[in-house]
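One structure is given below, encoded as structure tokens.
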Number of protein chains: 2
Amino acid sequence: MADLLRSHDINPTHQRIEIAHALFSRQEHLSADQVMAFVNTRHSETSKATVYNTLKLFVEKGLVRELIVDPSKVFYDPNTHPHHHLYEIDTGKLSDIGAEYMQVSGLPPLPAGTVIEGIDLIVRVRRAS
Amino acid sequence: MADLLRSHDINPTHQRIEIAHALFSRQEHLSADQVMAFVNTRHSETSKATVYNTLKLFVEKGLVRELIVDPSKVFYDPNTHPHHHLYEIDTGKLSDIGAEYMQVSGLPPLPAGTVIEGIDLIVRVRRAS
DNA sequence: CCAGACATTAGACAATGTCTAAATCCACGC
DNA sequence: GCGTGGATTTAGACATTGTCTAATGTCTGG
């Protein structure tokens with residue numbers, strides 16, 4: 001895990017390793033407070049500020065991807081390969097859609113002086129009434 | 001405007017008409033607090049609770065579409081026809097991408113007992129460094 | 001061991017949105 | 001016109017997520 005951090009130009013401190021472990025051992029989409037909860041299960045080890053700082057750092061360094069899907073919280077995705085997402089509104093459950101199931105084609109004219117940061121495709125589903 | 005509301009099964013009260021007007025006269029993507037600001041420019045007329053209640057009602061009734069694009073606030077889109085969105089991270093500017101520029105194909109297997117609520121395609125751009 | 005840079009922390013703060021209980025509005029029957 | 005009842009609006013307290021700051025802690029090269 002320390003090597004993974006180093007390879008992304010991140011100084012592997014104790015807290016960062018814990019947080020990376022929380023994200024990468026389960027291959028799940030976690031929100032900041034879920035990460036907090038996992039990291040601090042045994043004894044309180046890592047502060048809220050550090051969790052937020054570290055997640056932001058991981059995003060900048062391309063280690064994880066930020067998912068803006070729920071109006072109230074951000075999720076972090078340890079899978080940075082191209083894929084899409086399915087969000088179950090009622091339960092808040094977020095899962096991957098393999099790139100083989102859905103394709104996006106075309107590109108819009110971009111505003112001058114801007115570059116693409118990412119393209120997000122989200123399928124929102126709810127329980128059939 | 002009252003007729004538009006009635007046609008969507010919404011009782012056209014004074015406040016609802018004001019809010020609908022804010023959204024539909026400018027064809028823009030507004031956040032709840034922008035709606036608040038527009039509605040209350042002259043004299044304070046409409047409370048925060050009513051703005052939130054009304055926007056939620058409009059979404060339920062299919063009058064506007066909810067856009068989850070910015071980690072800190074929800075936008076409301078008066079255009080309910082199929083189209084996609086371009087979000088400028090640095091400025092927070094949100095604009096439409098006509099359906100002719102980008103296409104989505106395929107569908108993932110949906111979890112049992114769920115139906116699609118919507119498919120969102122968002123292109124995020126940032127200022128080129 | 002020291003200096004200095006880097007990392008972490010507690011807790012105050014900010015922003016967005018929700019909730020509740022009371023007040024207001026309005027259509028209807030009389 | 002007047003009262004009734006359901007729908008609507010409201011102020012403000014509250015909850016949640018995330019940011020900021022100033023102080024403290026840690027680590028490394030020399």
Side-chain angles (χ1 to χ4, degrees), chain A residues 1-2 5-6 8-23 29-40 43-61 63-64 66-77 87 89-90 92 94, chain B residues 1-2 5-6 8-23 29-40 43-61 63-64 66-76 87 89-92 94:
Chain A
M1 196 60 74
L5 296 184
R6 265 187 286 266
H8 281 78
D9 193 26
I10 296 169
N11 193 355
T13 65
H14 177 60
Q15 286 90 338
R16 288 172 180 174
I17 289 172
E18 287 290 315
I19 292 171
H21 189 259
L23 282 163
H29 310 85
L30 301 181
S31 61
D33 59 319
Q34 288 176 309
V35 171
M36 267 272 271
F38 282 132
V39 167
N40 289 330
H43 349 72
S44 188
E45 291 163 332
T46 305
S47 72
K48 185 171 63 154
T50 297
V51 170
Y52 280 98
N53 289 345
T54 301
L55 289 172
K56 188 187 286 185
L57 179 70
F58 284 4
V59 171
E60 279 168 14
K61 298 296 189 182
L63 193 60
V64 302
E66 201 178 32
L67 298 179
I68 297 166
V69 154
D70 180 290
S72 72
K73 61 183 75 166
V74 174
F75 285 89
Y76 294 89
D77 187 347
Y87 184 61
I89 296 170
D90 310 296
L94 184 58
Chain B
M1 195 59 74
L5 296 183
R6 265 186 286 266
H8 281 78
D9 194 27
I10 297 168
N11 193 355
T13 66
H14 177 59
Q15 285 89 339
R16 289 171 180 174
I17 290 172
E18 287 290 316
I19 291 170
H21 185 75
L23 283 162
H29 310 85
L30 301 181
S31 62
D33 60 319
Q34 288 176 308
V35 171
M36 267 271 272
F38 281 132
V39 167
N40 289 330
H43 349 72
S44 187
E45 292 163 331
T46 304
S47 72
K48 184 171 65 155
T50 297
V51 170
Y52 279 98
N53 288 344
T54 301
L55 289 171
K56 188 186 288 184
L57 180 70
F58 284 4
V59 170
E60 279 168 13
K61 298 295 189 181
L63 193 60
V64 303
E66 202 178 32
L67 297 179
I68 299 165
V69 154
D70 181 290
S72 72
K73 60 182 77 166
V74 174
F75 285 90
Y76 294 89
Y87 184 60
I89 296 169
D90 309 296
T91 62
L94 183 57

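A quick note: this is a predicted structure, and the numbers were derived from the prediction, not measured. Sequence lines set the chain letters: A, B, ... in the order given, protein chains first and strands last, and positions in each chain run from 1.
- Side-chain N/O atoms of B:K48 and base N/O atoms of C:dG17 include a donor-acceptor pair closer than 3.5 Å.
- A close approach under 4.0 Å does occur between a side-chain nitrogen or oxygen of B:T50 and OP1 or OP2 of D:dT10.
- Within the 4.5 Å cutoff, side-chain heavy atoms of A:L30 are placed close to those of A:F38.
- One atom, CG of B:N53, and another, P of C:dT16, lie 18 Å apart when rounded to the nearest Å.
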Problem set entry | side-chain contact (heavy atoms from CB on, under 4.5 Å) assessment of B:M36 paired with B:K48 | CA-CA 7 Å; B:M36 267 271 272; B:K48 184 171 65 155; 3.9 Å; yes
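- As a whole-Å value, the separation of B:I17 CD1 from C:dC26 C1' is 14 Å.
- A:Q15 has a side-chain polar atom (N or O) that falls below the 4.0 Å cut-off from OP1 or OP2 of C:dT9.
- Annotation: of the two residues near DNA chain D, B:R16 and A:D33, the 5′-most nearest-nucleotide partner is B:R16.
- Across the protein-nucleic acid pair, B:N40 atom CG and D:dT9 atom P stand 13 Å apart, rounded to whole Å.
- Mapping B:A49 and B:K73 onto DNA chain C via the closest heavy atom, the residue that lands nearer the 5' end is B:K73.
- Rounded to whole Å, atom P of C:dC6 lies 22 Å from atom NE2 of A:H14.
- Using a 4.0 Å cut-off, no side-chain N or O of B:Y52 falls inside it from OP1 or OP2 of C:dT18.
- For A:T54, taking side-chain heavy atoms from C-beta onward, the closest of the listed nucleotides C:dT8, D:dT17, C:dT18 is C:dT8.
- Atoms CG (A:L5) and P (C:dC6) sit 18 Å apart, rounded to a whole Å.
- Applying the 4.0 Å criterion to OP1 and OP2 of D:dT8, one finds that B:N11 has a side-chain N or O inside that range.
- For the pair A:H29 (side chain) and A:F75 (backbone), a donor-acceptor distance under 3.5 Å is absent.
- Between the CG atom of B:N11 and the CG atom of B:L5 there is a distance of 9.0 Å, given to the nearest 0.5 Å.
- Taking atom CD of A:E18 as the reference point, atom C1' of C:dT8 lies 14 Å away to the nearest angstrom.
- Rounded to an integer number of Å, the gap from B:K56 NZ to C:dC19 P is 6 Å.
- Between A:T13 and the phosphate of C:dT8, there is a side-chain N or O to OP1/OP2 separation shorter than 4.0 Å.
- The two residues B:H21 and B:M1 have their closest heavy-atom pair at CA-CE, 3.8 Å.
- Going from atom CG of B:D70 over to atom P of C:dA15 covers 14 Å, rounded to whole Å.
- Using a 4.0 Å heavy-atom criterion, one finds that B:S31 contacts no nucleic acid atom at all.
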